[in-house]
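To keep things clear, I will list the structure first and then write my remarks on it.
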Amino acid sequence: MDVVLLLQMGALLLVIGAFGGLLAGLLGVGGGIVLVPAFYYAFVGLGFDGPEVMRLCLGTSLATIIVTSIRSVMSHNKKGAVDWDILKTWAPGIVIGAILGTLLVAQLRTSALQAIFGVLAVIVGLYMATGRNHWRLGDAMPKGVLRAILSPVLGFLSVLMGIGGGSFGVPVMSLFGVPIHRAVATAAGFGVIIAVPAVVGFLLTPMQDAPPFTIGSVNAVAFLLVIAMTLITAPMGAALAHRIDAKPLKRGFGVFLILVALNMLRKVLF
């Protein structure tokens, strides 16, 4: 392999890791929403464009989310923003959904996973670009049957996109009356609950023609480079989330996400 190309990709992953960590703390969207497409272009650029490369992107992204989310939860918890009751009551269903999602991903090829990521990312982007904080479906988080349905769906969809709980968890909590800062903080905990069982599954799912230093469907080099930056920037994002109005940035990122998702769908369709 071209050493210069490897160095360029390494530098790119460091930048991506810094950006993803900042977003994870600031917007509660989960760094995976940036990391998955970034990993895809990086691995394909290095020549690893086989039918299982998208699974590698999802697995590696979720591995980074374990570390990023733990760091983010710790930062938010110091400010008393994490709702531990929501985390405890939603955790069982989220874990079940994450496991089911991992089992499905193991059976799908890159084109199918790209299509799923693209469609879901467009939905997330539209919500981020057009959503309003006053939108409500209820005044308290669901319990009983509704929670039993929503929690596995949240974990399942998150694994299919290789993201933490923020992209779906924050909207759900906001729609049911949880203040935005508390929703962002608690969603970081969702990320840990989603990523841990999923990554165990990805580590046990081997892939053909994998890049060097790949364990199962998780690439150790990409994981370490990204984590080196997210450990620094995730707490910065969490601190900024309590100081600034992130609405304009969130809407702009929603538009950016839609464009990235549409480009991924273009690759599948044409």
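- At distances below 3.5 Å, at least one donor-acceptor pair connects side-chain atoms of Thr89 with backbone N or O atoms of Ile86.
- Considering CD of Gln114 and CG of Leu269, their distance stands at 10.0 Å, rounded to 0.5 Å.
- To the nearest 0.5 Å, atoms CG (Leu157) and CD1 (Ile123) are separated by 8.5 Å.
- Checked by atom type and distance alone, the side chain of Arg147 never pairs as donor or acceptor with a backbone atom of Gly93 at under 3.5 Å.
- Within the 4.5 Å cutoff, side-chain heavy atoms of Ile194 are placed close to those of Leu154.
- Heavy atoms only, all atoms of each residue included: Ala63 and Phe223 are closest at O-CE1, 3.3 Å.
- Put simply, Ile16 and Phe48 are part of the same group of oily side chains (I, L, V, M, F, W, Y) that touch within less than 4.5 Å, one to the next.
- Of the possible polar contacts, none joining the Ser69 side chain to the Ile66 backbone as a donor-acceptor pair under 3.5 Å is found.
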- [ ] May I have the step-by-step check of side-chain contact (heavy atoms from CB on, under 4.5 Å) for Asp49 and Phe43, ending in yes or no?
- [x] CA-CA 7 Å; Asp49 56 352; Phe43 290 136; over 6 Å; no
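- Hydrophobic clustering keeps Phe213 apart from Val67 (ILVMFWY residues linked when any side-chain heavy atoms are closer than 4.5 Å, directly or through intermediates).
- Judged by distance alone, the side chain of Glu52 and the main-chain N or O of Gln208 form a donor-acceptor pair under 3.5 Å.
- If you take CG on Leu120 and CG on Leu257, they are separated by 10.5 Å, rounding to the nearest 0.5 Å.
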- [ ] Mind running side-chain contact (heavy atoms from CB on, under 4.5 Å) on Met264 and Met54 for me, showing each step along the way?
- [x] CA-CA 11 Å; Met264 191 163 282; Met54 193 65 179; 3.9 Å; yes
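- Across Ser167 and Ile33, no two heavy atoms sit closer than the pair OG-CD1, 4.0 Å.
- Of the possible polar contacts, one joining the Arg55 side chain to the Pro206 backbone as a donor-acceptor pair under 3.5 Å is found.
- Side-chain atoms of Leu62 and Ile65, non-hydrogen and from C-beta on, do get closer than 4.5 Å to each other.
- Residues satisfying the salt bridge (charged side-chain N to carboxylate O under 4.0 Å, His left out) criterion with Arg136, sequence neighbours excluded, are absent altogether.
- Side-chain contact annotation: Tyr41 with Asn263, donor-acceptor N/O pair under 3.5 Å present.
- Remark: of the listed residues Ile116, Leu100, Thr102, Leu58, Ile116 is the sole one forming a side-chain contact (heavy atoms from CB on, under 4.5 Å) with Leu160.
- Taking the side chain as every heavy atom from C-beta outward, Arg182 and Lys79 never approach each other to under 4.5 Å.
- For the residue pair Thr233 and Ala18, the shortest heavy atom distance occurs at OG1-O, 3.0 Å.
- The ring pair (Phe, Tyr, Trp, His ring centres under 6.0 Å) analysis of residues 142-184, with sequence neighbours excluded, yields the pairs His181-His242.
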Open item on the list: Test side-chain contact (heavy atoms from CB on, under 4.5 Å) on Trp84 and Thr186; report intermediate values, then the result.
Closed with: CA-CA 7 Å; Trp84 292 101; Thr186 307; over 6 Å; no
Open item on the list: What verdict does the side-chain contact (heavy atoms from CB on, under 4.5 Å) test give for Leu175 and Val172, after you've listed the backbone C-alpha separation in whole Å, the side-chain angles of each residue and the deciding distance to 0.1 Å?
Closed with: CA-CA 5 Å; Leu175 289 171; Val172 168; 5.8 Å; no
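- Looking at Ser217, its side chain does come within 3.5 Å of a backbone N or O of Thr205 through a donor-acceptor pair.
- Put simply, the side chain of Trp135 does not reach to within 4.5 Å of the side chain of Ser174, judged on heavy atoms.
- Gly162 and Val36 make their closest contact through O-CG2, 3.7 Å (heavy atoms, listed as atom of the first residue, atom of the second, distance).
- No chain of hydrophobic side-chain contacts below 4.5 Å, direct or via other Ile, Leu, Val, Met, Phe, Trp or Tyr residues, connects Leu56 to Val200.
- With rounding to the nearest 0.5 angstrom, the CE atom of Met161 is 12.0 Å from the CG atom of Leu35.
- Within the 4.5 Å cutoff, no side-chain heavy atoms of Asp83 are placed close to those of Leu87.
- Note on Met236 and Leu231: separate hydrophobic clusters, where clusters join Ile, Leu, Val, Met, Phe, Trp and Tyr whose side-chain heavy atoms are under 4.5 Å apart, directly or indirectly.
- In terms of heavy-atom proximity, Pro152 sits nearest to Ala148 at CD-O, 3.0 Å.
- The side-chain heavy atoms of Ser61 and Ile163, taken from C-beta on, include no pair separated by under 4.5 Å.
- The aromatic rings of Phe190 and Trp90 lie parallel to each other, their planes meeting at an angle below 30°, with 60° marking the opposite boundary.
- Residues Leu13 and Phe39 meet the side-chain proximity criterion, which asks for heavy atoms closer than 4.5 Å.
- Heavy atoms only, all atoms of each residue included: Ala115 and Val268 are closest at N-CG2, 3.9 Å.
- Checked by atom type and distance alone, the side chain of Arg251 pairs as donor or acceptor with a backbone atom of Gly131 at under 3.5 Å.
- Contact of the Val226 side chain with the Leu14 side chain is not registered, since no non-hydrogen atoms from C-beta on lie closer than 4.5 Å.
- For the residue pair Asn219 and Thr214, a side-chain donor N or O sits within less than 3.5 Å of a side-chain acceptor on the partner.
- Val159 and Leu204 end up in different hydrophobic clusters when Ile, Leu, Val, Met, Phe, Trp and Tyr side chains are linked at under 4.5 Å.
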